[in-house]
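Below: one structure, written as structure tokens.
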Amino acid sequence: AYAAPGARPDLPRRCDAIPCESENVPAASLALLEQHNPVRPAASAVRVCQDRREEKAFLARAGVPVAPTLPLLPGEPLPAMTEELFPAILKTAREGYDGKGQWTIQNAEELPAALTASGVPCVLEKRLPLEGEFALTLARSPSGAISALPLVQNWHSGGILDQTSSPANVPALEAKAQRIAEHIISALDYVGVLTVEFFLVGGELLVNEMAPRPHNSGHPSIDNAVCSQFELQVRALCDLPLPAQADVQPAILLNLLGDLWQDGTPDWAGALALPGVHLHLYGKGEARPGRKMGHVTVTGREWPVVEATASQLRNLLGLPPR
């Protein structure tokens with residue numbers, strides 16, 4: 001729900017509960033909606049997730065491991081920084097996604113110009129040698145019950161999600177990720193679906209960021225889980241029972257960016273002729289380079305078959321091999 005100009009003033013009163021489609025909905029608008037109906041997640045939780053400065057401070061207070069970061073404001077004197085913080089990534093505090101609003105900073109001398117160019121509050125985050133990227137999607141009900149989908153592994157290209165494997169099949173990491181994510185969702189007093197993204201560094205999981213909504217990382221659940229992230233969202237919103245974590249089929253998700261349309265409509269008929277292929281297009285009118293237009297998920301009973309089909313699908317659609 002979004003309190004946009006021209007919106008019907010009685011709309012909140014006609015809703016049983018109000019969710020968020022995006023973390024960029026102003027928290028103040030959500031707080032106004034809370035006067036009429038339950039907003040899940042609450043404005044207070046969304047406020048934390050929509051600002052990297054708030055998010056990092058919350059995680060630090062909760063004792064959750066994160067990369068070394070430093071909040072910065074353009075026009076203010078820079079604090080003393082050690083060389084150990086560089087190389088780093090400068091990220092806008094709000095609304096940056098898919099690699100947008102981010103700049104690689106090699107040393108302290110490069111920082112002032114980049115911060116001035118950003119023109120907005122930022123966080124400086126140490127660039128770490130990543131051994132992997134993972135995500136866990138979970139839901140919490142108003143009564144405090146928690147249900148989680150299996151941990152997935154993500155691969156990015158140019159800052160944009162390229163591929164997700166579900167499940168990740170790393171039991172030790174999954175147990176750690178679930179403990180951290182459950183601690184976060186409880187500390188936020190969060191109701192609804194939350195995705196927690198992790199970096200694997202030196203064998204340890206660090207939290208990258210949180211998404212207070214159904215997330216790209218959870219999309220395989222549409223096709224490979226008995227209860228998808230969207231059903232989890234509805235159950236949490238309506239305070240219905242949350243299922244225990246269920247087994248999922250092996251699945252590989254490939255993101256479909258606007259680049260695929262540069263020579264015309266991709267060969268969907270050929271793609272759907274492959275076994276276990278599920279196509280999801282988002283109905284966006286203009287296919288621009290780098291714009292997420294949809295995704296395709298390959299499911300099956302055995303990983304070798306799923307991996308072989310995903311490789312064949314990449315070749316058919318003209319995607320570079322993973």
Side-chain angles (χ1 to χ4, degrees), residues 1-62 64 92-97 120-121 135-149 178 180-197 207-219 221-222 227-243 282-283 292:
Y2 184 82
R8 292 182 56 169
D10 65 331
L11 181 59
R13 297 180 181 88
R14 299 172 60 202
C15 300
D16 294 319
I18 301 170
C20 277
E21 185 182 34
S22 166
E23 59 265 43
N24 295 324
V25 175
S29 297
L30 296 176
L32 288 174
L33 292 171
E34 284 177 330
Q35 298 175 16
H36 302 282
N37 286 95
V39 174
R40 297 169 176 164
S44 57
V46 176
R47 182 177 290 109
V48 170
C49 297
Q50 68 186 193
D51 189 306
R52 285 190 172 91
R53 297 166 300 171
E54 295 278 349
E55 185 178 63
K56 299 298 185 185
F58 163 79
L59 293 171
R61 291 194 302 271
V64 174
T92 57
R94 289 174 172 265
E95 299 190 6
Y97 65 96
V120 295
L136 192 138
T137 297
L138 69 169
R140 182 173 179 270
S141 70
S143 60
I146 295 174
S147 179
L149 292 168
Q178 189 155 343
I180 293 170
E182 289 186 0
H183 175 58
I184 289 172
I185 204 169
S186 298
L188 275 173
D189 194 19
Y190 188 101
V191 175
V193 164
L194 176 75
T195 293
V196 181
E197 295 183 352
V207 171
N208 174 31
E209 60 186 21
M210 305 179 290
R213 53 178 170 81
H215 186 262
N216 212 155
S217 298
H219 283 345
S221 65
I222 300 170
C227 185
S228 75
Q229 65 170 341
F230 295 100
E231 182 175 342
L232 285 176
Q233 176 81 321
V234 172
R235 288 183 179 226
L237 289 171
C238 300
D239 202 11
L240 297 172
L242 296 179
Y282 302 158
K292 290 179 182 175

Looking at every non-hydrogen atom in both residues, tell me the closest pair between [X] and [Y] and how far apart they are.
| X | Y | result |
| --- | --- | --- |
| Pro41 | Val46 | CG-CG2, 3.7 Å |
| Leu237 | Pro19 | CD1-CB, 3.8 Å |
| Ala139 | Leu242 | O-CD1, 3.6 Å |
| Ala181 | Val196 | CB-CG2, 4.1 Å |
| Val25 | Gln50 | O-NE2, 3.0 Å |
| Cys49 | Leu194 | SG-CD1, 4.5 Å |

How many angstroms lie between atom [atom1] of [X] and atom [atom2] of [Y], to the nearest 0.5 angstrom?
| X | Y | atom1 | atom2 | answer |
| --- | --- | --- | --- | --- |
| Ser29 | Ile18 | OG | CD1 | 11.0 Å |
| Leu136 | Leu149 | CG | CG | 7.5 Å |
| Ile146 | Ile185 | CD1 | CD1 | 5.5 Å |
| Gln35 | Leu30 | CD | CG | 12.0 Å |
| Thr195 | Glu209 | OG1 | CD | 10.5 Å |
| Leu232 | Thr137 | CG | OG1 | 9.0 Å |

**Asked** Can you pull the salt bridge (charged side-chain N to carboxylate O under 4.0 Å, His left out) pairs that have at least one residue in residues 23-41, sequence neighbours excluded?
**Response** Glu23-Arg213
**Request:** Enumerate the residue pairs fulfilling salt bridge (charged side-chain N to carboxylate O under 4.0 Å, His left out) with a member in residues 227-236, sequence neighbours excluded, ordered by first and then second residue.
**Result:** Glu231-Arg235
**Item:** salt_bridge(Glu54, Arg47) N-O dist < 4.0 Å
**Value:** no
**Results of side-chain hydrogen bond (donor to acceptor under 3.5 Å, both in side chains) for Glu197 - residues two or more places apart only** = Asn208, His215
**Item:** Listed partners of Ser147 passing side-chain hydrogen bond (donor to acceptor under 3.5 Å, both in side chains), at least two apart
**Value:** none
Less than 4.5 Å apart, any side-chain heavy atom of [X] and any of [Y]?
| X | Y | answer |
| --- | --- | --- |
| Asp189 | Arg140 | yes |
| Pro212 | Cys20 | no |
| Arg52 | Thr92 | yes |
| Val48 | Met210 | yes |

**side chain to side chain contact (heavy atoms under 4.5 Å, CB included) against Ala93, all qualifying residues, sequence neighbours excluded** = Asp51, Arg53, Pro121
**Message:** Using the side chain to side chain contact (heavy atoms under 4.5 Å, CB included) criterion, which residues pair with Asp239? Sequence neighbours excluded.
**Reply:** Ser141, Pro142, Ser143
**Prompt:** Can you say whether the rings of Phe230 and His219 are parallel (under 30°), tilted (30 to 60°) or perpendicular (over 60°)?
**Reply:** parallel
**Item:** CA sep, side-chain torsions, deciding dist, call: Ile184, Leu59, side chain to side chain contact (heavy atoms under 4.5 Å, CB included)
**Value:** CA-CA 8 Å; Ile184 289 172; Leu59 293 171; 3.8 Å; yes
**Message:** For Val120 and Arg94: C-alpha separation, side-chain torsions, deciding distance, then whether side chain to side chain contact (heavy atoms under 4.5 Å, CB included) applies.
**Reply:** CA-CA 9 Å; Val120 295; Arg94 289 174 172 265; over 6 Å; no
